[in-house]
Amino acid sequence: MKILVTGGLGFIGSHTVVELQNKGFEVVIVDNLSNASEKVIDGIIAITGKKPLFENFDLRDKPKVEDFFSRHNDIEGVIHFAASKAVGESVEKPLLYYENNLGVLTYILQELSKKGSANFIFSSSCTVYGQADKMPITEDAPVKSAESPYGNTKQVGEEIIQDTCKVTPHISAIALRYFNPFGAHPSVEIGELPSGVPQNLVPFITQTGIGLREQLSVFGDDYPTADGTCIRDYIHVVDLAKAHVAALQRLVNDENEENYEVFNLGTGTGSSVLEVIKSFERVSGKKLNYKIVRRRAGDVIEAYADTTKANAVLGWRAESTLDEAMKSAWDWEQKIRS
Ligand code: UD1
C-alpha cells in the first residue's frame, strides 16, 4: 500500500517513514529540503534496508501537487508533516506560515476529494489547548485562543480538515496532537537536525553538553510547580512515529467510527525543565551548565497528556522512559559532532 509522507525527511517524518517501511508500507516522500537533508534517505535505508521514493518539490506549487497526485493515483494514504514550526518566526512572518501550513493543506485535501477514498493524518500540536484548566489534558479540553500564528495554523488546520470531512465522507482523517517530541532512532542513523540555535529544550541541552552552546537558559523558576520550572510531556520520537502507523492502520482497516478523529500523543507524565536537565546529567555523566533567567513570553505553566483515548482506540502507548529517550538524543548529538 502506497503512502505519501510530506516532510518525510524531517525529524518526525523520517522516523515515521522508518516505522511505515518496517510494517511493509510503500512510502513516497515529498520534501523541499527547506529544513531537511537528502542524506536522511541513507539513514532510512540503513535502518530498513529499503529506499523510499523521494520527490523534491515545494507543495506550495499547486500545479506540481496536482501533477504529483495524477502520477501517483494509487496513493491510499497521506501523512502530512510538511510545515513550518518555529513559533517566534511565525510571529515575524505570519503569511509565510499561513501559506505553508494552511495553503498547502487545502491543496492536498482538494486532491484527496477527487479520489474514491482517502486516508489523511495531520500533525497537530498540544499548543491548541494553550494553558488547559485541568491536567492531564483530554482531547475534549477546550481549544484556547492561539498565542502565535504557528499555533493558529494548527487550530485552523484542524478546522479545515473537520469541515472537509463533513462534506466529503470518503475522506477519513485523524489529527494527532503531539506533546513534546525529542530523541533519535536507537540506531543513531537518523535524529533531529535543528538549523541554527535550537528553540526546543532537549536539542539545546545536548548542544550545550557537547560544547556547541555555552550555557542553557532555563526560562523561569517561579512558576507554581514543585520546583518552579515549567512542566511538559516529553515523548520519544520513535514512540510518536509508531502512533502514526497505528492511526494509519485504523483508517485503512476502516475501524474509525467518525471520519474525523483527534488523539493526544504523549506519555501521560509531566516532567519539569529541571527534571529534564537531571535526566541529561544521569545519561551523559556530565554536569550541564545552566542558569535561571526570566520567563519566556507565551510559555504555559504545564501541559501533559491524558493518553487514555490513544491507548484504548489506537492500541498504542509510549514505551520509552525519559532517560531512554534522552540517551538516544545524546548518542545522536555525539555521533553528528564526531
Ligand atoms: C514549543 C511551542 C509549541 C510547539 C513546540 C514544537 C512555545 C510557547 N510553544 O513548545 O507551540 O508545538 O515547541 O516543538 O514556543 N526551555 C528552557 N530553555 C530553552 C528552551 C526551552 O527553559 O532554551 C523550556 C521552556 O520554557 C519550556 C520547556 O523548556 O518550559 C519546553 O520548551 P520547548 O522545547 O520550546 O517546547 P514548548 O514550549 O513546550
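When a ligand or atom number is given, it counts from 1 through the structure's own listing order. Reckoned from all heavy atoms, side chains included, excluding hydrogens, waters and symmetry mates.
In this structure, F57 and F68 have tilted ring planes: the angle between them lies in the 30° to 60° band. Ring geometry for H236 versus F182: interplanar angle of 30 to 60°, hence tilted.
Minimum interatomic distance between T229 and V273 (heavy atoms only, all atoms of both residues): OG1-N, 3.2 Å.
The shortest contact between atom 34 (O) of ligand 1 and any protein heavy atom is with L201 N, 2.8 Å. Given atom 4 (C) of ligand 1, the protein heavy atom at minimum distance is Y150 CE2, 3.7 Å. If you check which protein heavy atom lies closest to atom 19 (C) of ligand 1, you get F219 CE1, 3.3 Å. Considering only non-hydrogen protein atoms, atom 30 (O) of ligand 1 sits nearest to C230 CB, 3.0 Å. Taking atom 24 (C) of ligand 1 as the reference point, the nearest protein heavy-atom neighbour is V273 CG2, 3.8 Å. Ranking the protein heavy atoms by distance from atom 25 (C) of ligand 1 puts D299 OD2, 3.5 Å first. Ranking the protein heavy atoms by distance from atom 2 (C) of ligand 1 puts V87 CG2, 3.6 Å first. Nearest non-hydrogen protein atom to atom 31 (C) of ligand 1 is Y234 OH, 3.4 Å.
Side chain to side chain, H80 and T6 meet the donor-acceptor criterion of an N or O pair below 3.5 Å.
Among V300, N200, N180, the residue whose heavy atom lies nearest to atom 5 (C) of ligand 1 is N200. If you check each of R296, R232, K154 against atom 32 (O) of ligand 1, the one with the closest non-hydrogen atom is R296. Nearest to atom 12 (O) of ligand 1 by heavy atom, out of S217, S125, S272, is S125.
Salt-bridge annotation for D42 and K39: absent, with no side-chain N of the basic residue lying under 4.0 Å from a carboxylate O of the acidic one. Here R71 pairs with E55 in a salt bridge; the nearest charged N to carboxylate O distance falls below 4.0 Å. Salt bridge present: K166 and D163 bring a charged side-chain N and a carboxylate O closer than 4.0 Å.
Between V218 and ligand 1, no N or O atom pair is found at a separation short of 3.5 Å.
Counting non-hydrogen atoms of neighbouring residues, nucleotides and ligands closer than 6.0 angstrom, the CD atom of E302 exceeds 12 such neighbours.
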